[in-house]
Amino acid sequence: MSSDAQNRSYIGYLLCVLCFGLTIWAFYPGLMTADSIAGLTEGRQNSYSDILSPLMSYLWGIFDRILEGPGLMLIFQNLIFWSACAFFWRATHKKSFWLGLALILFGFLPQIISQLPFIWKDIGLGASLFLAVALVCLADKEKSKTALLISPLFLFYGFAVRLNAFPAILPLAIWSGFVFCRIFEINKRKFVPVLVGIVYLIALSVVVSIVNGRLTEGKTVHPFQQIYLYDLAAISTARDEALFPEYILRDENFSLEKVKTRYNKYSVSDLIFPNLPKEGDVPVLRLTNDAEEVTILRQKWLETVAENPATYLWHRIKIFAQLNGVAYSTGPPTWQVGFSNNPPEYRREENIGYQIFIKYLKIFRRPFPQTFGYRSVIWFLLCGIFIYKAVRRRLNGDWEIVFVLSISSILYALAYFPTAPSTEFRYLFWSAIASAVAIIFGVYLSWKERKVSVARA
């Protein structure tokens, strides 16, 4: 490499360091919500539940003993994210300086940078899968066995921090099987890489299950009961009839009128959590840790959904449409509250870096620009176009990356159709990253093909 080219290569790495530093400077020690505080509490108490993220809470407990509070977790999550950008830069900048630059600067898209300051399992999932993908991409480009063998650490962590990560992991694991076979020169029939990928996925699933099972000691708080209650509340509201199991109906706080008043397409929270929607409110639907009651609830849900399929589907369509920005943009300005939700000891003055970022993000609150940042339905339409183009090109070259990330992004979002308990934008953080990277590659490859076509003409 010439000295000019080498000097040019340093630009991307320095930019990644700068972006990481700016994010930490502006938002340290990190922004927290009730979920974040619960995760930190579990880490400190060394007692974990499956409704949060046992592995993330465990790791956070270790970080907290080194430096009390959310600071090290903020650094950890952002170090993973910006390191992924650096690996993508290394994998692409020799081919195209502008492609490599785009794969760094996309981190400042509003749907990305607005989420990076938060200590959430959704951010841990997105950042970890992003780094795993960057390592597999680099391994494929440079035939690096080391990069490929490191990638499972981050795919495992991303898999472990969210219960519903499987749809996102599936295409990534199978793609890794193809890259594995190319690097280790396993030149056999096409089903072999798929088989390798499936074995890899099964191994990851088993390890994740063992680790989370050990951390929770096999206990569960039955997180899926939130979905059952949400769906039953929707059908009960539509039919004006209390369609809940007896243990719910017998509860002193239950009231069909309150269910009808509090039910909405945005979240189940007003129905099941205290102090919502107003301070002092009690939950109208009781959560339970009794396995027998959960079994009864599940059976009631199955019967009710089977008897009211149209009402159930319409309820789920409304939630999914809201989550993906079909009706309204789904970019709730969670970041606007700043450090006010943090425990008092982890609040801080808003420095100039924070103020600049907030002013930047406020630009995207206006209807037109917000459309392109937070309406995931637009990302998925673009991904669909690029999936078609990738298949037409038989996934040759970087079209393989476009295809894999687009599929992962869409599958992960689709999995929320039957399971979303609310429409918080953070749920789609991985889809935001994966679709952005897929679109960047897709635009670059399309431009390159057009340029070649014009030159030949």
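Below, all heavy atoms of this structure are taken into account, side chains as well, without hydrogens, waters or symmetry copies.
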Please check this pair: side chain of Gln225 against backbone of Val221, looking for a donor-acceptor N/O pair closer than 3.5 Å.
yes
For Tyr412 and Ala165, the nearest pair of non-hydrogen atoms, with its separation, is CE1-CA, 4.3 Å
Heavy atoms of other groups near Trp25 CH2, more than 12 under 6.0 Å:
yes
Value for OH (Tyr28) from CZ (Phe339), rounded to nearest 0.5 Å, stands at 10.5 Å
Review point. Any side-chain donor paired with an acceptor under 3.5 Å for His222 and Asn289?
Key: no
Query raised in the report: Are the side chain of Asn396 and the backbone N or O of Arg393 linked by a donor-acceptor pair below 3.5 Å?
Result: yes
*State, yes or no, whether a side-chain contact exists between His315 and Lys265 at a heavy-atom distance under 4.5 Å.*
no
Residue pairs passing the salt bridge (Lys or Arg N to Asp or Glu O under 4.0 Å) test with at least one member in residues 54-66, sequence neighbours excluded, are Arg44-Asp64
**Item:** Polar side-chain atom of Ser53 near backbone of Val161 as donor-acceptor pair, under 3.5 Å
**Value:** yes
Open item on the list: When you compare the side chain of Met56 with that of Gln77, does any pair of heavy atoms fall below 4.5 Å?
Closed with: yes
Minimal heavy-atom distance between Val294 and Thr288, with the atoms involved, is CG2-CG2, 3.7 Å
So the ring pair (Phe, Tyr, Trp, His ring centres under 6.0 Å) pairs with at least one residue in residues 149-174 (sequence neighbours excluded) are Phe76-Tyr157
Rounding to 0.5 Å, atoms OH (Tyr200) and CD1 (Ile169) come to a distance of 8.0 Å
Taken in chain and number order and not counting sequence neighbours, the residues that satisfy salt bridge (Lys or Arg N to Asp or Glu O under 4.0 Å) with Glu217 are Lys219
* Does the pair Asp398/Lys448 count as a salt bridge with the N-to-O cut at 4.0 Å? -> no
Residues passing the salt bridge (Lys or Arg N to Asp or Glu O under 4.0 Å) test with Glu400, sequence neighbours excluded, are Arg182
Side-chain touch Thr423/Ser267, heavy atoms, less than 4.5 angstrom: no
(Q) Treating Ser151 as the side-chain partner and Leu148 as the backbone partner, does any N or O pair qualify as donor plus acceptor under 3.5 Å? (A) yes
*Hey, is CD1 on Ile66 packed in by over 12 heavy atoms from elsewhere, all under 6.0 Å?*
yes
What one should report as the nearest heavy-atom pair of Phe20 and Leu79 is CE1-N, 3.5 Å
**OP:** Measure the acute angle between the ring planes of Tyr312 and Trp301, then classify it against the limits of 30° and 60° as parallel, tilted or perpendicular.
**Re:** perpendicular
_Under 3.5 Å: donor-acceptor pair, side chain of Asn342, backbone of Glu345_ = no
Please test Phe88 against Phe441 for side chain to side chain contact (heavy atoms under 4.5 Å, CB included), starting from the C-alpha separation and ending with a verdict.
CA-CA 11 Å; Phe88 262 118; Phe441 269 106; 3.8 Å; yes
Contacts satisfying salt bridge (Lys or Arg N to Asp or Glu O under 4.0 Å) that involve residues 96-115 (not counting sequence neighbours) are none
Compare all side-chain heavy atoms of Leu276 with those of Leu271 and state whether any distance is below 4.5 angstrom. no
Quick note, side chain to side chain donor-acceptor pair (under 3.5 Å) partners involving residues 430-440, not counting sequence neighbours, are Ser408-Trp430
With sequence neighbours left out, the residues meeting side-chain contact (heavy atoms from CB on, under 4.5 Å) with Leu313 are Phe417
Judged by atom type as modelled, is there a donor-acceptor pair below 3.5 Å linking the side chain of Glu449 to the main-chain atoms of Tyr444? no
For residues 124-138, please give each side-chain donor-acceptor pair under 3.5 Å, one per line with the distance, not counting sequence neighbours.
from   : atom 1 : to     : atom 2 : distance (Å)
Ser128 : OG     : Gly124 : O      : 2.8

- Message: Can you confirm whether Tyr230 sits close enough to Arg316 that some side-chain heavy atom of one is under 4.5 Å from a side-chain heavy atom of the other?
- Response: yes
Taking every heavy atom of Ile183 against every heavy atom of Ser144, the minimum-distance pair comes out as CD1-O, 4.0 Å
If we ignore angles and hydrogens, is there a donor and acceptor under 3.5 Å between the side chains of Thr33 and Trp120? yes
Residue set satisfying salt bridge (Lys or Arg N to Asp or Glu O under 4.0 Å) with Arg426, at least two apart, ordered chain then number -> Asp35, Asp122, Glu424
Could you walk me through whether Leu229 and Leu297 pass side chain to side chain contact (heavy atoms under 4.5 Å, CB included), step by step? CA-CA 8 Å; Leu229 291 172; Leu297 174 63; 3.9 Å; yes
Here the gap from Tyr13 atom OH to Cys85 atom SG, rounded to the nearest 0.5 Å, amounts to 12.5 Å
inquiry  = Measuring only between side-chain heavy atoms, which start at C-beta, is Trp399 closer than 4.5 Å to Val391?
reply    = no
**Item:** Glu350 backbone acceptor or donor facing Gln355 side chain under 3.5 Å
**Value:** yes
Strictly distance-based, threshold 3.5 Å: is any side-chain N or O of Asn78 a donor or acceptor partner for the main-chain N or O of Leu116?
yes
Flag, side chain of Gln115 to backbone of Ile112, donor-acceptor distance under 3.5 Å: no
Next item on the list: Please work out which of the three classes, parallel, tilted or perpendicular, describes the rings of Phe81 and Phe106, given edges at 30° and 60°.
Entry: tilted
Would you say Tyr228 and Arg298 are linked by a side-chain donor-acceptor pair, where the criterion is simply a distance under 3.5 Å?
yes
Across all chains, not counting sequence neighbours, the side chain to side chain donor-acceptor pair (under 3.5 Å) partners of Lys389 are Ser446
TODO: Kindly indicate whether the side chain of Ile174, heavy atoms from C-beta on, has any atom under 4.5 Å from the side chain of Leu201.
DONE: no
Item to complete: Would you tell me whether Thr216 and Asp50 have side-chain atoms, one donor and one acceptor, within less than 3.5 Å of each other?
Response: no
* To do: Kindly say whether Tyr354 contributes a backbone atom to a donor-acceptor pair with the side chain of Asn351 at under 3.5 angstrom?
  => yes
For Leu22 and Phe357, the nearest pair of non-hydrogen atoms, with its separation, is O-CE1, 3.9 Å
Margin query: Could you check whether any side-chain heavy atom of Ile37 comes within less than 4.5 Å of a side-chain heavy atom of Asn341, counting everything from C-beta outward?
Written below: no
Only residue of Phe320, Tyr427, Phe425 satisfying ring pair (Phe, Tyr, Trp, His ring centres under 6.0 Å) with Tyr416 is Tyr427
When rounded to the nearest 0.5 Å, the distance separating CH2 of Trp379 from OG of Ser409 is 7.0 Å
dist Leu101:CG -> Ser96:OG (nearest 0.5 Å) comes out at 9.0 Å
The complete set of ring pair (Phe, Tyr, Trp, His ring centres under 6.0 Å) pairs with one or both residues in residues 169-191, sequence neighbours excluded, reads Phe180-Phe184
CD1 of Ile75 to CD1 of Ile24, rounded to nearest 0.5 Å, is 5.5 Å
For Ser49 and Glu42, the nearest pair of non-hydrogen atoms, with its separation, is OG-OE2, 2.5 Å
Sorted by chain and residue number, the salt bridge (Lys or Arg N to Asp or Glu O under 4.0 Å) partners of Lys318 (sequence neighbours excluded) come out as none
Angle class for the His93/Trp89 ring planes (parallel below 30°, perpendicular above 60°, tilted otherwise)?
parallel
